[in-house]
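These notes are about the structure you will find just below.
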Amino acid sequence: MYRYPDGTIKLNPPTKLEFAGFIRKFADLTREQRDGLGYNEAVPVARDPFTTYTTEWAKGADMIYREEITSAVVDEAARAEHEAGQVRAERDRLLAGCDWTQVADAPVDQTAWAAYRQALRDVPEQEGFPGAVEWPGVPE
């Protein structure tokens with residue numbers, strides 16, 4: 001990533017720019033020449049999902065701008081809702097995979113499978129959901 005003279009951060013540097021009255025390829029300029037024009041490499045921080053960051057950019061002695069975190073706030077409700085959605089999706093996948101056990105002529109113990117399917121439906125009601133889920137055992 002690159003920091004431009006106007007302070008914006010862009011994925012790629014310009015292909016060409018004016019230097020000393022001539023159009024030059026960006027790649028042909030030294031780091032010092034680029035710095036003099038206001039173009040620098042930029043290293044953003046790795047961000048975690050569901051976290052809002054306040055950051056600032058600081059230029060190091062190597063003329064590379066690095067993003068520094070000044071504060072971070074985790075949205076626990078959004079994180080829990082996302083995790084709950086993932087658990088429900090797994091529960092729905094397991095339910096769909098055993099739908100066949102409920103047809104009248106299925107060669108299985110339908111009572112055991114019906115209890116298993118009900119236990120799957122009850123997963124969101126478990127204490128500790130979605131962080132601590134105890135999945136029911138599949139009938140024999």
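Source: prediction; values computed, not measured.
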Between CZ on residue Arg66 and CD on residue Glu56, distance to nearest 0.5 Å: 15.0 Å
Nearest-0.5 Å distance that lies between atom CZ in Arg93 and atom CZ in Arg91: 13.0 Å
Within residues 7-26 or reaching into it, pairs that qualify as side chain to side chain donor-acceptor pair (under 3.5 Å) - sequence neighbours excluded: Asp6-Thr8
Residue pairs fulfilling side chain to side chain donor-acceptor pair (under 3.5 Å) with at least one residue in residues 40-50, sequence neighbours excluded: Arg31-Glu41, Asp35-Asn40, Arg47-Glu67
Side chain to side chain, Pro139 and Val108, heavy atoms closer than 4.5 Å: no
Cluster link Val138 to Leu94, ILVMFWY, side chain under 4.5 Å: yes
Non-hydrogen atoms of Ala80 and Pro130 that approach each other most closely: O-CG, 3.5 Å
Atom CD of Gln86 with >12 non-hydrogen neighbours under 6.0 angstrom: yes
Asp122 side chain to Gln126 side chain, donor-acceptor N/O pair below 3.5 angstrom: no
Pairs meeting criterion ring-ring contact (aromatic ring centres under 6.0 Å, His included) with involvement of residues 50-69, two or more places apart: Phe50-His82
For Leu29, the rest of its hydrophobic cluster, which grows through side-chain links under 4.5 angstrom: Tyr2, Tyr4, Leu17, Phe19, Phe26, Leu37, Tyr39
Residue pairs involving residues 97-111 (criterion side chain to side chain donor-acceptor pair (under 3.5 Å); sequence neighbours excluded): Asp99-Arg117
Euclidean distance, Glu83 CD relative to Arg79 CZ, rounded to 0.5 Å: 9.0 Å
Side-chain (Thr70) to main-chain (Thr54) donor-acceptor, under 3.5 angstrom: yes
Separation of Asp75 CG from Thr51 OG1 (nearest 0.5 Å): 8.5 Å
Any Arg121 side-chain heavy atom under 4.5 Å of Leu95 side chain: yes
Selection residues 106-140 - residue pairs positive for ring-ring contact (aromatic ring centres under 6.0 Å, His included), sequence neighbours left out: Trp113-Tyr116
